[in-house]
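Letters go in sequence order (proteins before strands), and every chain restarts at 1. Because only heavy atoms are used, hydrogens play no part in the values below, and waters and symmetry mates are left out as well, while side chains stay in.
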Amino acid sequence: MRKSRVQGLVKGDGLENLLRREVKMKVKIYITLKKGVLDPQGKTVQDALHSMGYKGTDKLRIGKYMEMELNDTSPEEAEKSVKEMCEKLLANPVIEDYRFEVEAA
Amino acid sequence: MKFGIVVLPGSNCDHDCYHVARHVFGKEAEFLWHKDRDLKGADCVILPGGFSYGDYLRPGAIGRFSPIIREVVDFAKKGGPVLGICNGFQVLTETGLLPGVLLRNRSLRFICDSVYLRVENNKTRFTGTYSKKDVVKMPIAHNDGNYFADEDTLKGLEDDDRIVFRYSNRYGEITKDSNPNGACLNIAGICNREGNVLGMMPHPERCCESILGGEDGKGVFLSIIDCF
């Protein structure tokens, strides 16, 4: 990150701009099952709700929620690397979709 | 010939595989630690059962990034025989060497049982000593053995004769009742297009000695040994 700071100075960015570019980002990731993938857990939980009297519940699907912080990064870099993380490890593209939100922490 | 048995943190069938290779079949065998980058001259690599990295995130998802797995993938792509048993099968799907994924059992319960399998393809390096349609009995022990893939992938597996074992009843009939975990098409084991990578949920290494209840798993090891 030190390198990009130097580059930023060389390019003549103002201090305000530098601060904006390198901040701690908070990331929220949602992993959901693709349509058509059987979800036995979701079905069992839905059946439990039915037996509790919540008759209107339907199509209950269980997914995963993850949150993390990313240090010293810009929003653009954060988006790029989180996308990579999702595709390589966090989600399995055979059965799961993902979406995420990046915001300043 | 020499077997290389991968040891990931949480593998727990590694010693069973080693015992079978070494003491039942009298072949060389060596453990391959997950941080190593050397297959130590193995002719066949076994990814054993267990719960690598505690099954965190998804079974096999983290183990797949171990340094040794990179070597195993290279070895497989060059045509080397790789056998993934149980968690090893899950790791192989995560690497993409085999298609699909192993989902949570339909019953949501861990299953520890002995089941019948029908040999669907005896032309692979792992099944050459069986006859097609042989019915064999092997133990299963898993929480996530419910094989899933999309329709096109399943059709491809069938068309290319890549389904190697299917759950059946004792008469070799593929029925819903004989499917322990909800796997698509009763799939218990599949191979890659080239036939040198096999992933299977049942444990052949646990049924190679009659004192342990059966010898039906011997065929898998004998078939590999016959290739060398």
Side-chain angles (χ1 to χ4, degrees), chain A residues 25-52 54 57-70 73 77-102, chain B residues 52-66 69-70 73 89-111 142-157 176 179-187 190 192 199:
Chain A
M25 309 300 302
K26 185 164 185 182
V27 186
K28 297 175 176 175
I29 303 167
Y30 305 86
I31 314 271
T32 53
L33 277 179
K34 280 190 167 152
K35 222 177 152 183
V37 176
L38 200 75
D39 180 13
Q41 272 193 91
K43 188 170 180 310
T44 305
V45 172
Q46 181 176 303
D47 291 349
L49 288 173
H50 279 186
S51 67
M52 288 161 71
Y54 300 102
T57 48
D58 197 15
K59 294 182 183 164
L60 191 151
R61 312 276 280 167
I62 293 180
K64 291 174 193 153
Y65 169 73
M66 301 170 201
E67 54 182 33
M68 66 176 162
E69 287 184 352
L70 271 176
T73 184
E77 280 170 4
E79 293 245 350
K80 195 170 160 251
S81 62
V82 174
K83 188 166 187 284
E84 255 180 45
M85 293 177 206
C86 287
E87 284 170 7
K88 283 188 184 163
L89 174 66
L90 302 181
N92 180 342
V94 178
I95 45 164
E96 293 166 331
D97 289 321
Y98 66 88
R99 67 191 166 81
F100 59 86
E101 295 157 10
V102 174
Chain B
S52 57
Y53 292 90
D55 277 355
Y56 294 165
L57 194 62
R58 298 179 304 277
I62 301 178
R64 155 222 182 334
F65 288 100
S66 288
I69 298 296
R70 256 177 247 166
V73 170
F89 185 10
Q90 294 161 340
V91 172
L92 288 173
T93 60
E94 285 284 341
T95 62
L97 283 174
L98 293 175
V101 62
L102 284 311
L103 295 177
R104 180 68 45 90
N105 294 339
R106 186 180 42 192
S107 63
L108 297 176
R109 288 197 183 90
F110 187 94
I111 306 170
H142 59 246
N143 203 30
D144 302 77
N146 179 353
Y147 183 80
F148 175 86
D150 62 42
E151 299 255 321
D152 289 346
T153 306
L154 290 174
K155 190 169 182 307
L157 287 173
K176 211 175 169 184
N179 185 340
N181 51 30
C184 292
L185 305 176
N186 283 40
I187 286 174
I190 55 169
N192 64 345

Contact part of B:L103 toward chain A, heavy-atom cut-off under 4.5 Å: side chain, backbone, both or neither? side chain
Show the pairs of one donor and one acceptor atom, one from chain B and one from chain A, lying under 3.5 Å apart.
from	atom 1	to	atom 2	distance (Å)
B:L57	O	A:K64	NZ	2.7
B:R58	NH1	A:L89	O	3.1
B:R58	NH1	A:L90	O	3.1
B:R58	NH2	A:L89	O	2.8
B:E94	OE2	A:N92	ND2	3.4

So, taking the atom named CG in A:L89 and the one named CZ in B:F65, what distance separates them when rounded to the nearest 0.5 Å? 5.0 Å
